[in-house]
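Lettering follows sequence order; numbering is per chain, from 1. Side chains are part of it too, since the values below use all heavy atoms of this structure and drop only hydrogens, waters and symmetry mates.
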Amino acid sequence: MHWSRKLISRLLRYAIVISTLLMLWKSLILATNCSQPILVVLSGGYSFHNLGDLLFVTNYPADSIRAGDVVVFRIEGRFIPIVHRVIRVHEREDGYVKFLTKGDGNSVDDRGLYSVGQLWLEREQIVGKVKGYFPYLGLFIILLSNLPLLDRLLLRVVT
Amino acid sequence: MSENVGTNDASSKPIKVNKWDTNAVKNALDDACKKYFNETLNYTEFYTLMDRRLYLSFVACLFSLFALVYDWFNPFPKSRSVLIICAVGYFVLMGILTFYMQFIECGKFYTGKLVDKAGVGPESRCTIASKLKKYDDKYCLTLEYNEGKDGSMTSSGAFIRSVGNYFDESGVLHYNRIVADLKTIYDQARSNARKVK
């Protein structure tokens with residue numbers, strides 16, 4: 001057998017394994033309707049989530065976000081999302097909603113974290129609602145994130 | 001788990017494998033069969049079966065690569081329809097690939113053709129398939145022999161032997177032994193095919 005055929009065969013075998021994992025991940029994104037269905041808590045101490053917790057997030061449009069729900073949101077210009085609790089919901093008759101969040105361990109709301117001039121969170125900025133979590137499973141990912149290039153690829157969130 | 005491949009001559013460095021690694025053992029035996037057919041019997045190997053599997057895998061990988069790249073440039077909500085198409089396409093192709101490997105390829109690792117050098121005799125085709133279950137020692141080899149322009153004369157032969165017959169305690173393959181068994185069923189199949197007319 002020509003060496004090129006052997007090489008291609010081997011490369012494709014590895015590519016199939018990687019592709020399958022990738023496609024399973026994309027399917028999870030489609031199933032949860034959330035761009036980041038699994039996240040790792042990067043900093044602890046400000047909420048009931050500890051460092052290294054693995055969060056399971058969904059983002060169904062029919063699932064309304066109410067005060068008391070823990071949500072993951074992303075501020076414009078910041079790469080890492082934040083997971084805090086919604087403390088106030090502002091709804092208009094035409095269906096437009098906006099939210100105010102606050103970390104459980106913080107004494108003030110998150111207005112200091114939002115962009116300059118922003119007082120409320122828009123629905124588009126919310127990545128999803130936290131449906132459950134698995135403690136400490138994400139510690140390995142945090143260890144990996146200390147490596148230079150993997151930083152941007154790994155899914156982390158701050159509380 | 002070391003596998004020393006690369007002997008082009010049976011009489012030079014013998015092949016040594018990790019005798020407990022079923023995969024390595026099966027591959028070594030399959031390679032020995034291929035070598036016998038290619039070098040001793042002068043068959044020409046045909047890669048159609050393998051190539052079709054490689055094409056299927058390649059197309060599947062293209063789907064996933066496209067999904068990856070598209071999603072990178074158009075983050076999630078925008079790429080939803082593309083992701084759905086790629087995911088469905090990928091898993092359908094995986095299903096086809098599994099079906100292909102299970103039912104169409106089913107263990108065949110060699111397809112070869114022998115053309116009579118004088119151009120007078122009929123060309124003969126041979127397909128070999130093997131099976132070795134994980135953690136089992138029974139190596140099942142099936143040989144299918146076709147002769148004649150339209151493959152009219154067909155016969156097949158098979159044997160099931162323990163791999164212990166071909167490897168010694170240190171994992172060295174005894175090429176002569178596997179070739180002897182292979183030669184027996186090949187000659188048998190050939191003579192059977194010529195008897196049936």
Checklist entry - Under a 4.5 Å heavy-atom cutoff, which of Cys61(B), Ala60(B), Ala87(B) has the most pairs with chain A? => result Cys61(B)
Checklist entry - Are Ile96(B) and Leu49(B) joined in one hydrophobic group, where the rule is that I, L, V, M, F, W and Y side chains link up if heavy atoms are under 4.5 Å apart? => result yes
Checklist entry - So which heavy atom on Met23(A) is nearest to which on Ala67(B), and how close? => result CE-CB, 3.4 Å
Next on the checklist: Is there a side-chain contact between Phe76(B) and Leu30(A) in this structure, where contact means two heavy atoms from C-beta onward sitting under 4.5 Å apart?
Outcome noted: yes
Next on the checklist: side chain to side chain contact (heavy atoms under 4.5 Å, CB included) for Ser19(A) and Phe63(B)? Distances and angles first, verdict last.
Outcome noted: CA-CA 9 Å; Ser19(A) 300; Phe63(B) 267 84; over 6 Å; no
Checklist entry - Do Val59(B) and Tyr70(B) belong together in a cluster built from hydrophobic side chains that touch within less than 4.5 Å? => result no
Next on the checklist: Counting only heavy atoms not in Tyr96(A) (residues, nucleotides, ligands), do more than 12 fall under 6.0 Å from its OH?
Outcome noted: yes
Checklist entry - Distance from Asp71(B) atom CG to Trp25(A) atom CH2, nearest 0.5 Å? => result 11.0 Å
Checklist entry - Of all heavy-atom pairs between Leu54(B) and Ser9(A), which one has the smallest distance, and what is that distance? => result CD2-CA, 3.7 Å
Checklist entry - Any chance CZ of Phe159(B) has more than 12 other-residue heavy atoms, nucleotides or ligands included, within less than 6.0 Å? => result yes
Checklist entry - To the nearest 0.5 Å, how far apart are CZ in Arg80(B) and OG in Ser35(A)? => result 10.5 Å
Item to check | Heavy-atom pairs under 4.5 Å with chain B, option from Ile18(A), Ile8(A), Thr20(A), Asn59(A) with the top count | outcome: Thr20(A)
Checklist entry - Is Leu56(B) reachable from Phe103(B) through a run of I, L, V, M, F, W or Y residues, each pair having side-chain heavy atoms under 4.5 Å apart? => result yes
Item to check | Pairs of heavy atoms under 4.5 Å with chain A: top-ranked of Leu65(B), Leu68(B), Val88(B) | outcome: Leu68(B)
Checklist entry - Do Arg5(A) and Asp51(B) have side chains that get closer than 4.5 Å, going by heavy atoms? => result yes
Checklist entry - Would a hydrophobic clustering, with Ile, Leu, Val, Met, Phe, Trp and Tyr connected at side-chain separations under 4.5 Å, put Ile185(B) with Tyr175(B)? => result yes
Checklist entry - In this structure, are over 12 heavy atoms from other groups packed under 6.0 Å from Phe134(A) atom CZ? => result no
Checklist entry - Taking atom OH of Tyr100(B) as the centre, does the number of heavy atoms from other residues, nucleotides or ligands within less than 6.0 Å exceed 12? => result yes
Next on the checklist: Grouping I, L, V, M, F, W and Y whenever their side-chain heavy atoms are under 4.5 Å apart, do Met50(B) and Phe46(B) come out in a common cluster?
Outcome noted: no
Checklist entry - Tell me, side chain or backbone of Asn33(A) under 4.5 Å from chain B's heavy atoms, or both, or neither? => result both
Checklist entry - When Tyr90(B) is tested against each of Leu22(A), Ile16(A), Leu24(A) for side-chain contact (heavy atoms from CB on, under 4.5 Å), which residue passes? => result Ile16(A)
Item to check | Pair Cys86(B)-Lys26(A), side chain to side chain contact (heavy atoms under 4.5 Å, CB included): steps then yes or no | outcome: CA-CA 9 Å; Cys86(B) 287; Lys26(A) 297 292 179 207; over 6 Å; no
